[in-house]
Asks: 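Sending over a structure as C-alpha cells; questions will come in a sec.
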Amino acid sequence: MLHKLIRRKAERQNQSLAERISRSKKECIPSHIAIIMDGNGRWAKKRALPRVAGHHEGMKTVRKITRLANDLGVRALTVYAFSTENWKRPKLEVDFIMRLPEEFLGTYLPELIEQNVKVIMMGENDTLPLYTQNAIRKAMEATKENTGLVLNFALNYGSRAEITQAMQKIAQQVQEGTLTYSDVNEELISQHLMTCDLPEPDLLIRTSGEVRLSNFMLWQLAYTEFWFTDTLWPDFDESCLLDAIDSYQNRNRRYGGLKGEDTN
Ligand code: FPP
C-alpha cells in the first residue's frame, strides 16, 4: 500500500516535471547557461560529512542538469568546477576535485555520447594533474563530432587570467605587425577568449545564496541575466533549473536599449 502511494506520488511529480519541460520548450530557451556550482561544503557539513562528500554529490547534479539542459535544447552549459583560486584549499580537497572528472567521465561518458553531448574544457590545462588532463582529453576526443549540448567544464579557470592571456596574444600580434592597434575591438577580444566558439551566456545561475561572480566569465557576462538561489548545488535539481529558465523567460532583455511601447 505504502509502496503504491509512493509510486503514485513519484508519477505525479514526474508528470508535472514533464509538463513544465514541455511548457518551457514553447518559450525562448537560453542558448548558453553558465553555472557557479556553490554550496557543496555546506551541504556536506549539514549532514556531518566531510566536504568532499558534497563535491561527490555535486558531481551527480552535473549529470542531472546536463541531461535536462540537453533535452530542453540548450546549446551550451558551462559549469565552474575549479577556479584558479581553488588551489588554496586543503590538498585533500583539491586532490579529490581533480579526480572527479575521471570519475564523472569514466561513469557517464557512454550516456553523454548516447545523448549526443560534446565535452569541452576551458581553463589552464597544462597545470592540471595528468590523470585529469587525460580524462578530459579522452572525453573531448570521443565526443568531438557530437552536435547536441556542449558541456563546457571550467576547470582551473580564472577570468582575469583568461583576459590577460588574450591581451598578451593580441599585443604580440600588434608587435609582430600582423595587427594594428585599430584592429583591436570587442569582437577581436572575444575571439581570443577561451569561449571563442561559444555564444555568450544568456543565463547565469549561482547556487547557495552567494551573490558574487568569483572571477567567472567577467567579459562574457556583460549582458547575461543572473539568477541566484539559496539551494545548495547538491540539492539543485531539474525543478530548480526549470525555475531559473522560467525566470529567464520572463525577463525583458534590452541590452541597454528600449523595447516596444517604451520607445514612444
Ligand atoms: C564550490 O562549493 C564548489 C567547488 C569549488 C567545486 C565544484 C565541483 C563540483 C560540483 C563537482 C564537479 C564535477 C565534475 C564532474 C568535475 P564550496 O566547496 O565552496 O561549497 P561551500 O561554499 O559550501 O564551502
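Computation of the quantities below employed the complete heavy-atom set of this structure, encompassing side-chain atoms and omitting hydrogens, waters and symmetry-equivalent molecules. When a ligand or atom number is given, it counts from 1 through the structure's own listing order.
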Asks: Any nitrogen or oxygen of D38, side chain or backbone, less than 3.5 Å from one on ligand 1?
Replies: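 By distance alone, the answer is yes.
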Asks: Looking only at distances, can you tell me whether any N or O atom of P101, backbone or side chain, sits closer than 3.5 Å to an N or O atom of ligand 1?
Replies: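 In this structure, P101 places no N or O atom under 3.5 Å from an N or O of ligand 1.
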Asks: Suppose we measure from atom 4 (C) of ligand 1 to each protein heavy atom; which comes out shortest, and what is that distance?
Replies: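 Protein heavy atom with the smallest distance to atom 4 (C) of ligand 1: H55 CE1, 3.8 Å.
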Asks: Are F104 and F153 close enough that their ring centres sit under 6.0 Å apart?
Replies: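 Yes; F153 has its ring centre under 6.0 Å from that of F104.
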Asks: What atoms of ligand 1 come closer than 4.0 angstrom to any heavy atom of L100?
Replies: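 Ligand 1 atoms under the 4.0 Å threshold to L100: 11 (C).
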Asks: Number the atoms of ligand 1 from 1 as they appear, then name those within less than 4.0 Å of a heavy atom of F104, with their elements.
Replies: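 This gives 15 (C) as the contact atoms.
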Asks: How would you list all residue pairs meeting side chain to side chain donor-acceptor pair (under 3.5 Å) that involve residues 232-241, not counting sequence neighbours?
Replies: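 Pairs touching residues 232-241 that pass the test: W43-D235.
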Asks: Under the side-chain contact (heavy atoms from CB on, under 4.5 Å) test, which residues partner E27, sequence neighbours left out?
Replies: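 For E27, the residues satisfying side-chain contact (heavy atoms from CB on, under 4.5 Å) (neighbours in sequence not counted) are Q249.
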Asks: Please determine whether a side-chain nitrogen of the Lys or Arg among R23 and D246 lies less than 4.0 Å from a carboxylate oxygen of the Asp or Glu.
Replies: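 Looking at R23 and D246, the cut-off is not met.
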Asks: Should you measure from each heavy atom of G39, which atoms of ligand 1 turn up under 4.0 Å away?
Replies: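 Counting from 1, the qualifying ligand atoms are 2 (O), 20 (O), 21 (P), 23 (O).
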Asks: Considering the heavy atoms of W233, write down every atom of ligand 1 situated less than 4.0 Å from one of them.
Replies: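 Once the distances to W233 are compared, the set is 10 (C).
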Asks: For atom 22 (O) of ligand 1, what's the nearest protein heavy-atom neighbour? Residue, atom name and distance, please.
Replies: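 Nearest neighbour among protein heavy atoms for atom 22 (O) of ligand 1, to 0.1 Å: R42 NH2, 2.9 Å.
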Asks: Write out the residue and atom name of the closest protein heavy atom to atom 24 (O) of ligand 1, then the distance separating them to 0.1 Å.
Replies: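 Minimum-distance protein heavy atom for atom 24 (O) of ligand 1 reads R51 NH1, 2.9 Å.
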Asks: For ligand 1, indicate whether the residue W43 contacts it via side chain, backbone, both or neither (heavy-atom separation under 4.0 Å).
Replies: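 The answer is neither.
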Asks: May I ask you to decide if V62's main-chain N or O and T66's side chain share a donor-acceptor pair within less than 3.5 Å?
Replies: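 Flag set: sc T66 to bb V62 pair under 3.5 Å.
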Asks: Please state whether the rings of Y80 and F216 are parallel, tilted or perpendicular, taking 30° and 60° as the class boundaries.
Replies: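 The arrangement is parallel - the two ring planes meet at less than 30°.
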Asks: Which residue and non-hydrogen atom of the protein lie closest to atom 6 (C) of ligand 1, and at what distance in Å?
Replies: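 I find the closest protein heavy atom is A81 O, 3.3 Å.
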Asks: Under 4.0 Å from ligand 1, counting heavy atoms only, is it the side chain of N86, its backbone, both or neither?
Replies: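 It is the side chain that touches ligand 1; the backbone stays farther off.
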Asks: Would you say the side chain of E162 lies within less than 4.5 Å of the side chain of H192, judging by non-hydrogen atoms?
Replies: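 Counting from C-beta outward, H192 and E162 never come under 4.5 Å.
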Asks: Please state which protein non-hydrogen atom is closest to atom 3 (C) of ligand 1 and give its distance, to 0.1 Å?
Replies: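 It is M37 O, 3.2 Å.
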Asks: Among all protein non-hydrogen atoms, which one is nearest to atom 9 (C) of ligand 1, and what is the separation to 0.1 Å?
Replies: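 Its nearest protein heavy-atom neighbour is N40 ND2, 3.7 Å.
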Asks: Can a salt bridge be assigned to the pair K60 and E103 using a cut-off of 4.0 Å between side-chain N and carboxylate O?
Replies: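 No.
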Asks: Which is it for K45 and ligand 1 at heavy atoms under 4.0 Å: side chain, backbone, both or neither?
Replies: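 Neither; nothing of K45 gets under 4.0 Å from ligand 1.
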Asks: Does R89 have a heavy atom less than 4.0 Å from any atom of ligand 1?
Replies: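 A heavy atom of R89 does come that close to ligand 1.
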